[in-house]
Amino acid sequence: MRIVIGQGSCGIAAGAEKVKKALEDVVNCDISITGCIGMCYLEPIVDIYDDENKLTRLVKVSENDAEAISEFINGGDKTAIEGLIVSDEDNEFLAKQTRIALRNCGVINPEEIDAYIGANGYTALKKALCEMTPEEVIEVIKTSGLAGRGGAGFPTWFKWNAARQSEGDEKYLICNADEGDPGAFMDRAVIESDPHNLIEGMLIGAYAIGAKHAVVYVRAEYPLAIKRLKRAIKQAEEKGIIGNNIFETDFSCDFYIKAGAGAFVCGEETALIESLEGHRGMPRLKPPFPAQSGFLRKPSNINNVETFANVGWIINNGGEAFAAMGTEGSKGTKVFAVTGKIKRSGLVEIPMGKTLRDVIFDIGGGMKGDKPFKAVQMGGPSGGCIPAELIDTVIDYKALGATGAIMGSGGMVVMDESTCMVGMAKFFLDFTAKESCGKCIHCRIGTKRMLEMLERITKGEGKEGDIELLEELCYSIKDGALCGLGQTAPNPVLTTIRYFRNEYEAHINDKKCPALECSDLINYSIIEDKCRGCTLCARNCPVDAITGSIKQPHKIDNEKCIKCGKCFSSCKFDAIVRE
């Protein structure tokens, strides 16, 4: 018997370290760790393998379950752990996925290089260095149709080829791990759970473009990812996989990490390069492009974590195998971080060409509480809201772009009827306005003016013409902004106006929030016939806005009411109305 405990950030946050310590105190067998398998909603997860390597998966485990697990391992039947065993329904979450970038996540020990080597690790690097020319590597990537998974979807081979053909002996390969979208955690999970896969993909990319230096630019807010990546780099150096004359070839490459300070704009490649050089993260004018003049004005190539995580598999299995998945214009698989009002939140990897319905309902299990699905925000602050009537939209770059949203890096925030779409647009615009580097006026001032208008609208202070002015500002900012942050910042506003204009009109004309989420537009009242005078609402009111005698109908003073909703949630007789 052996036990494997999921210890990605999600598992640790749910208590996986406490579970491991409790098991170590009572169980006499091998206990190791793994990363996040993607079933974040079921953490902490404990996998038990018997002598025949058959798996029993336990979910939502606490330290109090250690004795029951010990009893099972010591020959007891499954009765002791019956309530912990993963359900057939939850098993479908993984069974319906196709995993390439995530193939080792939650399966191998991310802190041991031998675990990665045992899973066919570094064979692709050896094949590339010993059997292929750099041009042949680029050709395989071209055949695969792999596009950048960081958001723009630009052909990976084209960027590699441009850097390969640029003159200069000193070139740099850079990984953009500056994952800043609210609700996105794909890159973090890959680095925490399979850091050697990233290293292998980057080394193959460095060989292809002729770079001797590889850099991972990662958010400082990802301490576990940085810790495991540093350990992986050290282990690879000790085995001669990083350094001079790798696999006894002429190829040499060093590797280092740069921890970024968390500026969203540094997801834009030229702003990232500025930050790498020690400057304030602000985008450069293009051209020249990084392939000609990037880090330290040397030819550079930048791809994100997920892009590199596919490279080793493609080299080993062939470009045709990757291209066989997906659609005509979008090849392979894509990883999504699925969050929000959904039953099964976590990491999902599916072939391009699946629909939003497949992800949200078939894999994700549908909406929490079986409430009606309202919309999904795709692509984070740079993306847009896709409404329920478009749930059968195919997941590829072209189809998602036609809705006004984008694929982005893979954030997918699911919303039900309780979400105010004006408030959602305000949330994302508040983020981008604060993250603007300020270099160009359109982004610096335009996003702030738009945010001010949305704040007015959600407070019931909107006026006629606000919607049209918002649209005009959106297009002006998109046309005039210097980089992708400003050019895409209006997308959440444009898509919510496009699909949920009635909600904007209700806020402005009727001073009502249809979703009952904007507190300034909500009123609470008590139905006298239903009120039993139990005083529970009055006792829960933090500002004494509710008065009345015991067993007599109560009243709410709307002048005092702060719209916290505690009375509404505490009433057991449905006597309080929210409108």
Side-chain angles (χ1 to χ4, degrees), residues 147-156 158-159 162-163 172-184 186-188 215-222 258-308 378-384 397 401 405-411 428-429 431-447 477-492:
R149 297 301 195 242
F154 200 75
T156 302
F158 191 92
K159 292 179 72 172
Y172 290 87
L173 185 94
I174 302 167
C175 174
N176 179 356
D178 189 55
E179 184 176 53
D181 291 13
M186 302 77 60
D187 292 350
R188 171 176 60 77
V215 187
V216 181
Y217 185 95
V218 61
R219 298 179 74 79
E221 295 94 332
Y222 287 175
K258 164 69 175 179
F264 181 62
V265 73
C266 288
E268 196 278 335
E269 59 182 8
T270 61
L272 183 155
I273 289 169
E274 285 287 306
S275 179
L276 267 182
E277 293 178 350
H279 307 140
R280 184 179 176 187
M282 301 176 82
R284 298 174 181 173
L285 284 169
K286 293 186 287 189
F289 294 93
Q292 288 77 45
S293 178
F295 182 51
L296 302 177
R297 299 303 189 268
K298 304 293 184 181
S300 306
N301 183 89
I302 303 177
N303 292 111
N304 86 322
V305 175
E306 187 187 340
T307 307
F308 286 120
M378 294 284 296
S382 301
Y397 290 102
I406 60 172
M407 181 90 67
S409 57
F428 282 110
L429 197 66
F431 178 84
T432 47
K434 288 174 179 174
E435 292 292 336
S436 172
C437 74
K439 187 169 185 175
C440 63
I441 293 172
H442 288 81
C443 181
R444 182 179 75 242
I445 304 298
T447 55
I477 294 167
K478 287 177 78 73
D479 291 341
L482 175 63
C483 81
L485 188 153
Q487 291 161 7
T488 58
N491 286 347

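All values reported here derive from a predicted model rather than from experimental measurement.
- In terms of heavy-atom proximity, Glu435 sits nearest to Phe264 at OE1-N, 2.9 Å.
- Between the NZ atom in Lys258 and the OH atom in Tyr217 there is a gap of 6.5 Å [rounded to 0.5 Å].
- Between Asp187 and Ser409 there is no side-chain heavy-atom pair separated by less than 4.5 Å.
- With rounding to the nearest 0.5 angstrom, the CG atom of Leu429 is 11.0 Å from the NZ atom of Lys434.
- Annotation: salt bridge (charged side-chain N to carboxylate O under 4.0 Å, His left out) contacts of Asp178 (sequence neighbours excluded): Arg219.
- Without hydrogens or angle criteria, Glu274 side chain to His279 main chain gives no donor-acceptor distance under 3.5 Å.
- For Phe158, the CZ atom counts as loosely surrounded, since its 6.0 Å shell holds 12 or fewer non-hydrogen atoms of other residues, nucleotides or ligands.
- Taking both residues in full, the closest heavy atoms of Thr447 and Ile477 are given as N-CD1, 3.8 Å, listed atom of the first, atom of the second, then distance.
- Ile406 CD1 to Ser382 OG: the interatomic distance, rounded to the nearest 0.5 Å, is 5.0 Å.
- In this structure, the separation between NE2 on His442 and CD on Gln487 is 11.0 Å, given to the nearest 0.5 Å.
- In this structure, Lys439 does not pair ionically with Glu268, as no charged nitrogen and carboxylate oxygen lie closer than 4.0 Å.
- Side-chain contact between Pro381 and Pro492 is absent, with no heavy-atom pair separated by less than 4.5 Å.
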Without placing hydrogens or testing angles, list every side-chain donor-acceptor pair under 3.5 Å for residues 285-302, not counting sequence neighbours.
unit_1 : atom_1 : unit_2 : atom_2 : d
Ser300 : OG     : Phe295 : N      : 2.9
Ser300 : OG     : Lys298 : O      : 2.9
Asn301 : ND2    : Asn303 : OD1    : 2.7

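- The side chain to side chain donor-acceptor pair (under 3.5 Å) search around Thr432 returns none, not counting sequence neighbours.
- Side-chain contact between Lys478 and Asn491 is present, with at least one heavy-atom pair separated by less than 4.5 Å.
- Taking all atoms of both residues into account, the shortest heavy-atom contact from Cys443 to Leu485 is SG-CD2, 3.6 Å.
- Separation of atoms CD (Glu269) and CD1 (Ile174) is listed at 9.0 Å; rounding is to 0.5 Å.
- Closest non-hydrogen pair, Val305 versus Cys175, comes out as CG2-SG, 3.6 Å.
- Nearest heavy-atom pair across Pro283 and Val265 is CD-CG2, 4.2 Å.
- Judged by distance alone, with hydrogens and angles left aside, the side-chain atoms of Thr270 form a donor-acceptor pair with the main-chain N or O of Arg284 at under 3.5 Å.
- Using a 4.5 Å heavy-atom cutoff, the side chains of Phe308 and Val216 are not in contact.
- Between the OG atom in Ser436 and the CD1 atom in Ile441 there is a gap of 11.0 Å [rounded to 0.5 Å].
- Under 4.0 Å is where a charged nitrogen must lie from a carboxylate oxygen, and between Glu179 and Arg188 no such pair does.
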